[in-house]
Structure formats: structure tokens, C-alpha cells
Amino acid sequence: MDTYLIKKSDVTRALTMKDCFEVTENAFRYYGEGAVQMPPKSYLYFADFSGDLRCMPSYVAKIEAAGIKAVNVHPNNHNVNLPTVMASILLIDPKTGFPLAVMDGTHVTNMRTGAAGGIATKYLAKKDCKKAAFIGAGVQAETQVAAMFIARPKISDIAIFDISTEHSHAFAELCQEKYKVNVEVADSITAACADADVINCTTSARKPIVMKSDVAPGAHINAIGADAIGKQELEPAILKAAKVVIDDWVQASHSGEINVPVSSGEFDRKNVAAELGETIAKNLKVRESDKDITVFDSTGLAVQDLMTAWHVYKQVTRGSDKDSLQTVQIFG
Ligand SMILES: NC(=O)c1ccc[n+]([C@@H]2O[C@H](COP(=O)([O-])OP(=O)(O)OC[C@H]3O[C@@H](n4cnc5c(N)ncnc54)[C@H](O)[C@@H]3O)[C@@H](O)[C@H]2O)c1
């Protein structure tokens with residue numbers, strides 16, 4: 001039997017943000033319904049090489065989908081001409097354990113991370129949003145903005161701050177061209193966040209960079225950047241004042257935006273308003289007024305990767321599309 005090799009170009013061709021949004025929303029819904037087997041991410045730390053590897057398995061019985069993602073973070077990789085983050089996904093047939101496909105997981109990761117921010121915006125932000133701020137204008141910002149416009153298509157103004165002005169301007173150009181909105185490259189985080197209804201944070205900061213005084217009443221914040229021990233982007237006072245929605249307690253307390261305040265005792269489980277999955281599955285009303293501040297703390301769930309990768313697998317292996325794919329007899 002053959003195993004499909006699904007390259008980044010195949011994934012990119014098969015996956016739109018609209019589909020990824022829908023599939024990822026279902027992933028959170030299934031997780032909220034308790035229909036997903038998913039142990040927390042496990043980490044290997046390559047201390048000698050300033051990098052780590054995360055292993056992320058999951059199984060969704062109701063769609064008979066199983067798999068595992070292996071994803072690294074090596075911030076010094078630019079020295080050897082490799083990306084910081086590279087992910088591979090292995091899809092497994094739960095009936096037999098046979099490896100159905102090996103797939104590029106990097107694009108899947110970026111897309112499902114953007115989709116998660118968009119879904120959180122859909123459920124947590126005010127209905128009427130006009131301005132969005134982007135703190136960090138790298139790879140994740142591109143998918144965050146795509147999913148945000150699915151959730152709140154009437155946003156008319158975007159403000160961007162990145163420590164790299166080159167990144168800020170490149171992202172500003174992309175936003176202007178693709179979404180035809182007013183775009184400002186701000187000279188500070190305070191200026192970017194002023195009056196913003198949605199704040200998307202996608203930096204690799206290890207100290208708070210968005211302060212409570214930067215956040216307008218009613219704002220929704222997607223805290224995407226912190227996904228490892230010691231990383232944080234928000235002043236803990238924001239978390240205290242906000243309704244905080246996480247993707248998973250074990251992962252968020254270990255490595256999400258809340259990990260540093262949890263370890264210092266400033267924040268604990270009773271300060272969490274809900275998980276995103278249960279918010280969707282139980283139709284919870286987290287936001288009570290247009291003055292509430294809401295925060296989504298994203299660490300990234302294995303089931304987001306699995307459901308997105310499964311969707312890609314189904315798309316590229318149907319009909320004659322599969323003829324262009326490479327295959328390998330892995331046990332040959
Ligand atoms: N939550 C998740 O599921 C998830 C998924 C993927 C990546 N991430 C995390 O998101 C972060 C961003 O990932 P990426 O792929 O976009 O990386 P990237 O390197 O492409 O972009 C990060 C951007 O942040 C900017 N930046 C760094 N520090 C800053 C600061 N103090 N103030 C303003 N800008 C700053 C950088 O200049 C860069 O443009 C990383 O920390 C990554 O680990 C989280």
C-alpha cells in the first residue's frame with residue numbers, strides 16, 4: 001500500500017482560509033464536546049542548539065481521523081537558511097494504524113493558527129468592530145488578518161506595530177492590497193492599540209509589551225505569540241481585568257499567555273472564563289457588554305492540525321487530483 005507525500009505546494013493549493021476557518025471551528029467544537037483524544041503537547045528541549053521539538057497527537061473518532069504533528073522552534077535557524085518553525089504531519093488510519101500520508105505541516109500550522117484567532121474574534125469580540133491593531137507583523141499576522149476579516153468583514157482601519165519597520169511596511173502593503181482598508185504603520189504599541197476593537201498579538205516577546213493602559217474598553221485581544229514557557233506579550237493586569245478564554249488549561253498554564261502569571265501565582269484556573277471549545281459547543285455568552293475586555297490565549301491544539309490536515313488530505317486525494325501526488329511504499 002502507498003503512503004501519500006503531500007508537499008507545501010499541494011497544501012497551499014487545497015486549503016483556503018474560509019475552509020480552514022470552518023474546519024478549525026469544528027475542531028474546537030468537537031474538543032468542547034469531549035469528542036477528541038488529545039494528550040497535551042510534549043516538548044523536547046535541544047538546549048545545546050537553542051531549539052525545541054513539540055509532539056502533538058490527536059484522534060477524532062467521529063470522523064475516523066488520527067495523526068501526529070512534529071513541530072520545531074529554532075530561532076537561530078536563519079543562520080543556516082532554514083525557517084524558525086518547520087512542521088510535519090503524519091496521518092494515520094485509525095482502523096489499522098497504516099500511515100496514510102506524510103504532509104507539510106508548516107502551512108497547516110500557520111492557517112489553523114490564523115483561523116483560531118478569527119474564530120475567537122467571532123465568538124468574543126464586539127459585533128461592531130471598526131479598528132484592528134496588529135502587534136507583530138510576521139508570518140502569523142498574515143493568517144490572523146485573513147481569518148479576522150471572515151469574522152468581522154466590516155473592519156475598516158488597521159494599525160500595525162512591529163520592532164522591524166521593514167516587517168511593518170511589508171504587512172501594511174499586503175493589508176492595503178488584499179483588504180482595501182485604511183492602514184497605518186504606528187510608531188508605538190500605544191498608538192497602534194488606541195481605540196482598537198481587536199488587538200492581534202503575534203510576537204515572540206518574552207516580556208509584556210502591551211500594557212493595560214493601551215487597551216480600550218471593549219477590546220478583544222488574540223494572544224497568539226506566547227506558546228512556550230517564559231513567553232508573554234500582555235501585562236498581567238490585562239488578564240485580571242479581562243474575560244480570559246483559553247484553548248486548553250494544561251497547555252495554556254504550561255506555555256500560553258497565562259503561563260508566567262500562573263507560575264508567579266498572579267493568575268489561576270478560577271480566573272479563566274471558559275475554553276474556546278466549550279464556548280462554541282455550549283454556545284456560552286462570554287462577553288456581557290461592549291465594555292468587556294476579552295482575551296483569547298492560544299497555544300495551538302493538535303486537533304486543529306489534525307482536522308485541517310485531514311481536510312487537505314481529502315481534497316488532494318479525491319478524483320484525478322491524486323494522480324499528481326507523490327507516493328511511497330514506506331514499508332517496501
Ligand atoms: N499560538 C499558536 O498556536 C502559535 C502558532 C504558531 C506560532 N506561534 C508563535 O507566534 C509567534 C510569532 O510567530 P511567527 O511565525 O509570526 O514569527 P515571525 O518571526 O514571522 O514574526 C514575529 C514578528 O514579531 C516581531 N517582534 C518580535 N518581538 C517584538 C516586540 N517586542 N514588539 C513588536 N514586534 C516584535 C518580529 O519583528 C516579527 O516580525 C512566535 O512566538 C511563535 O512561536 C504561536
Side-chain angles (χ1 to χ4, degrees), residues 20 24 27-28 31 40-41 43 50-54 56 69 71-78 82-87 105-120 133-147 159-172 174 185-193 199-211 214 221-235 245-248 251-252 254-260 276 295-306 308:
C20 189
T24 306
F28 280 109
Y31 187 56
K41 272 186 230 191
Y43 286 70
S50 302
D52 67 44
L53 183 79
R54 301 128 192 232
M56 303 173 67
K69 179 172 87 166
V71 56
N72 76 298
V73 177
H74 281 68
N76 299 331
N77 261 2
H78 55 91
L82 283 173
T84 301
V85 174
M86 292 170 286
T106 312
H107 190 61
V108 167
T109 301
N110 299 340
M111 291 290 277
R112 63 68 151 155
T113 303
I119 292 158
F134 284 81
I135 310 305
V139 172
Q140 304 311 318
E142 285 188 33
T143 51
Q144 291 295 323
V145 70
I160 299 164
F161 179 83
D162 192 293
I163 41 170
S164 154
T165 45
E166 196 188 326
H167 289 187
S168 290
H169 284 284
F171 184 56
L174 177 145
V185 172
D187 58 9
S188 68
I189 289 176
T190 304
C193 292
I199 301 173
N200 298 291
C201 298
T202 58
T203 74
S204 44
R206 302 189 76 85
K207 292 225 158 28
I209 53 171
V210 178
M211 299 297 146
D214 295 328
I221 305 172
N222 288 312
I224 305 294
D227 62 350
I229 293 176
K231 280 167 123 178
Q232 64 180 149
E233 300 181 285
L234 308 180
E235 185 183 24
V245 172
I246 58 174
D247 53 12
D248 171 82
Q251 289 195 181
H254 174 266
S255 45
E257 180 59 42
I258 63 172
N259 88 86
V260 176
L276 186 58
V295 172
F296 172 52
D297 176 359
S298 159
T299 58
L301 302 182
V303 69
Q304 293 171 239
D305 296 302
L306 174 65
T308 305

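Values reported hereafter were calculated over all heavy atoms of this structure, with side chains retained and with hydrogens, waters and symmetry mates removed. Whatever order the structure lists them in is the order used to number ligands and atoms, beginning at 1.
Side chain of Asp162 to main chain of Ile135: no donor-acceptor pair is present (N/O by atom type, distance under 3.5 Å, no hydrogens or angles). Using modelled atom types, no side-chain atom of Gln144 and backbone atom of Asn200 make a donor-acceptor pair closer than 3.5 Å. A donor-acceptor pair is defined here as one N or O able to donate and one able to accept, closer than 3.5 Å; such a pair exists between the side chain of Asn72 and the backbone of Met86.
When hydrogens are left out, the protein atom nearest atom 44 (C) of ligand 1 is Ile224 O, 3.1 Å; that is the closest non-hydrogen contact. Remark: minimum distance from atom 21 (O) of ligand 1 to any protein heavy atom is reached at Gly138 CA, 3.3 Å. In terms of protein heavy-atom proximity, atom 9 (C) of ligand 1 is closest to Gly225 O, 3.4 Å. Looking only at heavy atoms of the protein, atom 15 (O) of ligand 1 is closest to Gln140 NE2, 3.0 Å. Summary of contacts: the protein heavy atom closest to atom 42 (C) of ligand 1 is Asp227 OD2, 3.7 Å. Nearest protein neighbour of atom 22 (C) of ligand 1, counting heavy atoms only, is Thr202 O, 3.6 Å. Nearest non-hydrogen protein atom to atom 36 (C) of ligand 1 is Asp162 OD1, 3.4 Å. Nearest non-hydrogen protein atom to atom 5 (C) of ligand 1 is Thr113 OG1, 3.3 Å.
The shortest N or O to N or O distance between Ala141 and ligand 1 is not under 3.5 Å. At least one N or O atom of Val139, backbone or side chain, sits closer than 3.5 Å to an N or O atom of ligand 1. Checked by distance only, ligand 1 and Ile163 come closer than 3.5 Å through their nitrogen or oxygen atoms. Considering backbone and side-chain N/O of His167, one or more are found under 3.5 Å from N/O of ligand 1.
Heavy atoms of His78 found under 4.0 angstrom from ligand 1: none, in either backbone or side chain. When heavy-atom distances to ligand 1 are checked against a 4.0 Å cut-off, Ile189 has no atom that comes that close, whether in backbone or side chain.
Heavy-atom minimum distance, Gly256 versus Thr299: CA-CG2, 3.5 Å. Closest approach of Cys193 to Ala133, counting heavy atoms only: CA-CB, 4.1 Å. In plain terms, the two heavy atoms of Gln251 and Gly300 that are nearest each other are NE2-O, 2.9 Å. Among all heavy-atom pairs drawn from Asn259 and Lys231, the shortest one is ND2-O, 3.1 Å. Smallest separation of non-hydrogen atoms from Arg54 and Asp52: NE-OD1, 2.8 Å. Annotation for Pro75 and Ser50: closest pair CD-O, 3.3 Å, computed over non-hydrogen atoms.
For atom 19 (O) of ligand 1, the nearest protein heavy atom lies 4.0 Å or farther away.
The ligand atoms of ligand 1 that sit less than 4.0 angstrom from a heavy atom of Gly300 are 3 (O). Taking every heavy atom of Lys231 and a limit of under 4.0 angstrom, the matching atoms of ligand 1 come to 40 (C), 41 (O), 42 (C), 43 (O). Less than 4.0 angstrom separates some heavy atom of Ser298 from each of these atoms of ligand 1: 1 (N), 2 (C), 3 (O).
The closest approach between a heavy atom of Ile209 and any atom of ligand 1 is below 4.0 Å. Not a single heavy atom of Glu233 lies less than 4.0 angstrom from ligand 1.
Contact check on Lys41 versus Asp227 returns no salt bridge, with no Lys/Arg side-chain nitrogen under 4.0 Å from an Asp/Glu carboxylate oxygen.
Aromatic ring pairs are classed by plane angle as parallel below 30°, tilted from 30° to 60° and perpendicular above 60°; the pair Phe296 and Phe28 is perpendicular.
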Side chain to side chain donor-acceptor pair (under 3.5 Å) between Thr202 and Gln140, intermediate numbers included: CA-CA 6 Å; Thr202 58; Gln140 304 311 318; over 6 Å; no
